[in-house]
Structures are given as structure tokens and as C-alpha cells.
A.B. asks: 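So that we are looking at the same thing, I have put the structure below in C-alpha cells.
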Amino acid sequence: MRKVRDALFALLKEAVRSAIVKGELPDIGDLPTFTIEPPPQEEFGDFATNLAMVLSRPMRKSPMEVANTLLRHLPAADWLRRAEVAPPGFLNFHLTDHWLYEAVRDAIERDERYGHWDIGQGKRVLVEFVSANPTGPLQIGNARGGALGDAIANLLAAVGYQVEREYYINDVTMSAQVQKFGESLEARYLQLFGYDVPFPEDGYKGEYVMELAKEIVNEHGDAFVPLPPQKRRQKFFALAKEKIIAQHKAVLERFGIRYDHFVSEQWLYDSGRVKKTLELLKAKGLTYESEGALWMRTTAFGDQKDEVLVRRTGAPTYFASDIAYHLYKHERGYAFVVNVWGADHHGHVPRMHAALKALGIEREGEEKWLKIVLYQLVRLVKDSQPLRMSKRAGEIVSLDDLLDFIGKDAARFFLLSRSPDTPLDINLDLAIKQSQENPVYYVQYAHARCCRLFSHAKKQKHQAFSGYQKADLSLLQQPEERRLMKLVAAFPDIVLKAATHLLPHFLTQFALQLADTFHDFYERHRVLSDDVSLSFARLALVKATQIVLRNALTLLGICAPEAM
RNA sequence: GCGCCCGUAGCUCAGUCCGGAUAGAGCGCUGGCCUGCGGAGCCAGAGGUCCUGGGUUCAAAUCCCAGCGGGCGCGCCA
């Protein structure tokens, strides 16, 4: 598709040049940007351009007039069957189908590499995602972040970057959340031995805390009961973190996510990186003291207000350690890094960019080194009432539950079907019903059908089974066949678009459309028949379709089953 | 009050970043299709003030401004 488009581009430029030389169009210097795209209707041909319409104003001629002039000056090409002008000024191109045959052959030949690019040129990039607080099970919001981050990492790898996945553990023991969680766990533990200890105010009330306490009893018995309170509390801070992080890793594995690195916030402190970062900021004159706290002048770099780095208590803020963390990422030499955050963190975005600008890592007006993908929150709806998901209140639906309900593939497809900007409501009452109606099965079934045709061909020893690579693709003349070929040809562009925009749902939508087109083709035309040549060609098309479906699903982190 | 996101078919959403031709899909609804590659499928149909009002443009769901409605932020929490 890229090649054809480039060829059309060249043809159009030549037409403009020729018209200018003949004095039929005024010379306006560089051409404005214009598009060459498949038109909305098949009757309009294979590609259409708006060139005449964007030239209309600078050339001071009507779009139709420019279009007609361009048409007269359009050089001939053996692959161009005809071109025509359509109101209000489009130029429509009807091509011979060779570009479609090429796409089918290309797909079969490149197989799992079809749709991949090399624009990343092996440069290293980092995708950080999920990075939940270790105070409770991962929940559905984390699932959205997980599906997005993992698919984005896949996409970046597909366009030629060397991608690493990272999980940042917010495990600072002195943080209020971690302490509260540790105290809650301690209270539950003591309660299991019959001690009437008060549950901490604002403690974590979820059932999982009691379950963890039971687990600790199983492993250690009452060993911690007689400890001095101070020492016991420290022990439970550590235990709480340890247990939850192990749980997080396990459920992420279940969700099909493998990380290359886990970076601990506590480690940033222990290694002295936070301290060094603060010294660096001070040395650069970016800080000042006020009201007993240390502030950073983020407003000088586009933030709405200055931010506190070190509290009056002497404890650095999350912002301070996050700057240290991103300096650490930068040290490791990534061409750029991607962070996937829930939209409730959007206030953190301008200050991070301000900090990076202050440190010279990002510059005004240049492409950002830190690319932040924000996803809107996931709400649970029950009896058409939204549930407030809160770890402390214990009202959560965990990622584990979601996987129990609908499984990895349906969960990922659902979470990746919509733009990250769209808030998601999940209706629990319909969770299982919806899972059976999940469009993922529609796509997977299309893939399985393709595979089925091959096993069928093999079983009945159809000649096409071994001959499809040499097929005469020009036998594919039916509209359903051409539609299918066009989608096969479009796939690499879709991958590129999804990767550069960091938007996996483009791929999900495409997969749906491809499955739809394939099912239609399959219902109308018999693939394996007595017409051997036609069977060759159709089987080749099926192979190409299967490859594209599989590659698309793989990029989304979803299985492409051979049978269902 | 300020900032970010959303508002498109009965419901859930694509399409908005990069303005283009008759605005699409799934679910639901109505009516059809199984004596040949598994029907987890296919075909046809009904269903729309693209939140409202201005503006820019040859052309606006898309860009700009104002307003309305919903979500989320605005901590020396993370």
C-alpha cells in the first residue's frame, strides 16, 4: 500500500509540474500537504486525493477546474487503469489489481513479520505500566493499564524498537498507604488469635487482608504475637509488601504480561538516588525553601504551581522520587520512554514535563522524551448504579476476578476495543453474558476458519494444499475477494498508525473489520472446489488473511486459536 | 473557581489528533438463509437535531470560541 501510494504521489507531483510548465496552473512553490486515501465507496475507485481542493485557494481557481487540469496532465502508468474527477473536486484512481496480489504474496512470504516495520531502527525504548501501590490486589483499572501497556510495547517492537517493560513498585515503607496497610494486616493477624485489637481508622477493610493474615498464620503461626509492638509493626510492613507484590506478579503473569524490570521506589532511596537528585536540583538553582519545605520552581517550566520536593517533616515527596526515577530511566539510555497512567494522575503530567525540561531532558517545542498515555477510569456498574471502587472500603473487583469471569482474551479485547480516552463501564451483572458475546470470539473464529480450511485441504489431499504459493491471483475478481485483499494490503499501515499514536484500539477495530469481511467471503464463495486454479488462489488469500488476523491478535496479546 | 477527558443509532462505542463524497460497528429489534469447506456464521431491514449556539472554510462529527450535561483531578497523598 505504501508503494502504490508513493507512486501516486509521484504521479500527482508530475501532473502539477507539467501543468505549471504549460502555464495552466500558477506556480505556488511547495505543495501543501494533501492525502491519498481509499475513498469511502468502492465505486470511487481504489484511491482518492484531495489535492485539487487544497490547491484551490492558493491557486485561486475552483477545485473542479484544478482537478480537471491535473487530470489532463496526469502521466500514464501501466498500473493505472483510469482516473476521474468527482465533485466537489476529488481525483479518483482506479488501479489494476497488481498491488493487491503483491500484498497477498508479501503477507505469505513475510508471515509473522508481515506488518512489521523498521522505523525504530533497534533503538531502545521503555514502557512502564501498571505500577500499582502494593496495598491491595490489582483491580480492573490496573487491567486496562496492563492491557494498554503490553499492547503498546508489542506495537513499538513491531515497528522496530527494542522494547523493555518495566513495573515501578511504590513500596516506600514510610508512605502513609503502605503503613496503613501494614497496620490493617497486623490487626487482622492479632484478631485471628482472639486479641480484641482496634482496627485502624481508615484501614484497609477488604477481605483480602484477612486472607493474607490467615496465610501468615499458616506460614508462621503465632510467631509474631509476642514481638515488641514496634518491632512487630515493622515486620508487618515488610510482610504486607512482600505478599502483595508476589500476588501482583502472579496475576500479571496470568494476564499474559512479562516484565523485564521491576524497579523499587524504596531502592531509589536506599541507593541514594533521591538524595542525589535533590542535590542536583538545588545545585541548578531550581529550588527554594518556604514554610519549612523545599519547593521546586516548576512554574518556570510550564506548571501551574510550584511543587514541594521535601516536606516540612524532612521526608521527600512522591514527586521527588519520581524525578529520581525518571533520571534513572534517562541514564539507561532510552530513546524515549512511555508511561501508562490512569487519568486520576493527569495532574502529575505537567509537573513531570516541567521537571524534565528543568533538567534539560526535554525541550520546549520538541518531541517529548516522556510519552504519557492516560486512560480514563474503569467503573463498575451494578443494577445500573455505579460502584465506587475503593481498596480501603474493600469494594473492588480484582483482575483475578475479571480473569475468572471472562478470561484473558475477552478481557484484553474488551479493554483494547475503545480509545483510552473513553471511560469504561463494566456491568457485573452481565459480565458472563457479555463475555460470550465478546467480539473477540468473532475474530478468533475467523482465524480458526482459515486454519480449518487448511486442515480440510490436507485431509482430502486437495492439490491446492501444496500449490497455493504458486497461485494465479488474478483469478480473484469477486468483490468480496478484492475487499479482503485490500484489508490485507492495509494492515502494515494500521500497525504503523497504532504504534506511532500509541493507540492499540486501531488494531482491534481493524481485526473486527477483517473478520467481518472474511466471514462474508467465506459464506459466499467456496474455497476448495474442483476448479483447481481458483482453489489455489483462494487458499492463498485465506493464508494471507490468517496471517494478518494472527499478527493483529498477537500484537494485542490475544491468542489466535487454530480450532475453537 | 481552575485544569484534563467525555457527550455520535434503544444500549456500548469507532470515526475527531491529520476537516472531504451517502456518519460506521457490535449488541438489541424485524424478516430471511443449514442435503457441499463446523451456523461461535451470513443476508436484508428499521433505527441519527453527531449535546446546544456562534465562528473559520469551497467543505465541520472533526478546527476555534462560548455555554450545557457527566467523569476525574486541583494535598507538605501516591
Side-chain angles (χ1 to χ4, degrees), chain A residues 33 35 37 39-41 43-44 48-50 53-54 56-57 62-64 86-90 92 131-133 135 170 172 175-178 265 290-295 304-305 307-319 321-322 342-350 374-377 379 386 414 417-427 430 433-434 436-446 448-449 452-457 459-460 462 497 501 503 505-506 508-510 512-513 515-516 518-529 535 538-539 542 563-564:
Chain A
T33 55
T35 58
E37 281 174 338
Q41 321 242 347
E43 308 88 82
F44 296 150
T49 182
N50 63 349
M53 288 182 284
V54 302
S56 164
R57 177 188 273 274
S62 80
M64 287 301 280
F90 288 103
N92 293 336
S131 300
N133 284 344
T135 54
N170 302 135
V172 174
S175 83
Q177 280 92 336
V178 172
E265 186 185 5
S290 171
E291 302 166 63
L294 183 72
W295 297 71
Q304 300 239 332
K305 59 180 183 54
E307 305 288 344
V308 172
L309 288 167
V310 181
R311 302 178 182 95
R312 199 179 308 148
T313 60
T317 59
Y318 176 79
F319 181 48
S321 56
D322 220 20
D344 51 342
H345 288 70
H346 75 250
H348 197 49
V349 174
L374 293 174
Y375 59 89
Q376 294 299 313
L377 299 187
R379 284 193 319 168
F414 176 69
S417 296
R418 289 143 173 75
S419 151
D421 281 337
T422 301
L424 276 185
D425 281 351
I426 295 188
N427 188 331
L430 297 177
K433 183 172 174 288
Q434 281 177 344
Q436 282 158 356
E437 290 162 3
N438 192 300
V440 73
Y441 301 114
Y442 185 73
V443 179
Q444 288 182 322
Y445 185 58
R449 265 188 163 171
R452 183 76 182 181
L453 284 165
F454 274 87
S455 61
H456 191 81
K459 207 188 305 171
Q460 68 172 44
H462 197 287
K497 189 175 158 195
H501 289 79
L503 292 173
H505 76 283
F506 288 153
T508 319
Q509 301 289 335
F510 172 82
L512 226 34
Q513 196 188 345
D516 192 27
F518 175 73
H519 285 308
D520 187 23
F521 158 77
Y522 178 91
E523 292 286 338
R524 287 172 192 268
H525 306 291
R526 190 172 172 84
V527 175
L528 301 168
S529 67
S535 298
R538 287 192 172 153
L539 206 55
V542 169
M564 294 174 69

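Chain naming here is simple, since letters A, B, ... match the order of the sequence lines and numbering starts at 1 in each.
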A.B. asks: Does B:C42 sit syn or anti, given that only angles within 90° of 0 count as syn?
C.D. replies: anti
A.B. asks: Would you say whether A:Tyr522 stacks on B:G41? The test is a distance between ring centres of less than 5.5 Å and an angle between planes of less than 30°.
C.D. replies: no
A.B. asks: Under 3.5 Å, is there a donor-acceptor pair linking the side chains of A:Gln509 and A:His505?
C.D. replies: no
A.B. asks: Is the phosphate of B:G38, meaning OP1 or OP2, less than 4.0 Å from a side-chain N or O of A:Arg452?
C.D. replies: yes
A.B. asks: The criterion is side chain to side chain contact (heavy atoms under 4.5 Å, CB included); which residues satisfy it with A:Pro88, sequence neighbours excluded?
C.D. replies: A:Met53, A:Phe90
A.B. asks: Out of B:A40, B:G38, B:G75, which nucleotide sits closest to the side chain of A:Tyr441?
C.D. replies: B:A40
A.B. asks: Among the candidates B:C37, B:A21, B:C76, find the nucleotide nearest to the side-chain atoms of A:Ala86.
C.D. replies: B:A21
A.B. asks: Between protein and nucleotides 2-9 of chain B, map the contacts as a letter string: B base, S sugar-phosphate only, - none, heavy atoms under 4.0 Å, written 5' to 3'.
C.D. replies: SBBSS---
A.B. asks: If the condition is salt bridge (charged side-chain N to carboxylate O under 4.0 Å, His left out), which residues does A:Asp322 pass it with, not counting sequence neighbours?
C.D. replies: none
A.B. asks: Measure from the side chain of A:Arg311, starting at C-beta and using heavy atoms only, and say which of B:A21, B:C17, B:C76 lies closest.
C.D. replies: B:C76
A.B. asks: Check every atom of B:A40, B:C76, B:A14 against the side chain of A:Tyr445 and return the nucleotide holding the closest atom.
C.D. replies: B:A40
A.B. asks: Output all residues satisfying side chain to side chain contact (heavy atoms under 4.5 Å, CB included) with A:Phe518, sequence neighbours left out; order by chain, then residue number.
C.D. replies: A:Ala446, A:Arg449, A:Cys450, A:Leu453, A:Leu484, A:Phe521, A:Tyr522, A:Val542, A:Thr545
A.B. asks: If pairing requires Watson-Crick or G-U wobble contacts with both distances under 3.5 Å, which nucleotide is the partner of B:C34?
C.D. replies: none
A.B. asks: Run the salt bridge (charged side-chain N to carboxylate O under 4.0 Å, His left out) test against A:Arg311 and tell me which residues pass, sequence neighbours left out.
C.D. replies: none
A.B. asks: Does one side chain, of A:Tyr442 or A:Asp516, offer a donor that lies under 3.5 Å from an acceptor on the other?
C.D. replies: yes
A.B. asks: Select one nucleotide: of B:A14, B:A21, B:C37, the one nearest the side-chain heavy atoms of A:Val527.
C.D. replies: B:C37
A.B. asks: Which residues pass the ring pair (Phe, Tyr, Trp, His ring centres under 6.0 Å) test with A:Phe319, sequence neighbours left out?
C.D. replies: none
A.B. asks: Please identify each residue that fulfils ring pair (Phe, Tyr, Trp, His ring centres under 6.0 Å) with A:Tyr445, with sequence neighbours left out.
C.D. replies: A:His519
A.B. asks: Starting the side chain at C-beta, find the nucleotide from B:G39, B:G38, B:C13 nearest to A:Arg449.
C.D. replies: B:G39
A.B. asks: Mind checking if A:Asn170 touches a base, just sugar-phosphate, or nothing, with heavy atoms under 4.0 Å?
C.D. replies: sugar-phosphate
A.B. asks: If you take atom types as modelled and just measure distance, does the side chain of A:Asn92 reach the base of B:A21 with a donor-acceptor pair under 3.5 Å?
C.D. replies: yes
A.B. asks: If the condition is salt bridge (charged side-chain N to carboxylate O under 4.0 Å, His left out), which residues does A:Lys459 pass it with, not counting sequence neighbours?
C.D. replies: none
A.B. asks: Return the set of residues passing ring pair (Phe, Tyr, Trp, His ring centres under 6.0 Å) with A:His348 (not counting sequence neighbours), or none when no residue passes.
C.D. replies: A:Tyr318, A:Trp341
A.B. asks: Quick check for you: among B:A78, B:C17, B:C76, whose closest atom lies nearest to any side-chain atom of A:Ser175?
C.D. replies: B:A78
A.B. asks: So which protein nitrogen or oxygen atoms get under 3.5 Å of nucleotides 29-35 of chain B's nitrogens or oxygens?
C.D. replies:
none

A.B. asks: Check every strand shown and say whether A:Leu453 touches a base, only sugar-phosphate, or nothing at a heavy-atom separation below 4.0 Å.
C.D. replies: base
A.B. asks: Write out a two-atom table: protein N or O, nucleotide N or O from nucleotides 43-46 of chain B, distance below 3.5 Å.
C.D. replies:
from  : atom 1 : to       : atom 2 : distance (Å)
B:C43 : OP1    : A:Asp520 : OD1    : 3.4

A.B. asks: Under a 3.5 Å cut-off for both distances, is B:U62 Watson-Crick or wobble paired, and to whom?
C.D. replies: none
A.B. asks: Among B:G20, B:C13, B:C37, which nucleotide sits nearest the side chain of A:Pro88?
C.D. replies: B:G20
A.B. asks: Residues in ring pair (Phe, Tyr, Trp, His ring centres under 6.0 Å) with A:Phe44, at least two apart?
C.D. replies: none
A.B. asks: Measure from the side-chain heavy atoms of A:His345 and tell me the nearest of B:G26, B:A78, B:U12.
C.D. replies: B:A78
A.B. asks: Counting side-chain heavy atoms from CB outward, which of B:C58, B:A78, B:G75 is closest to A:Thr317?
C.D. replies: B:A78
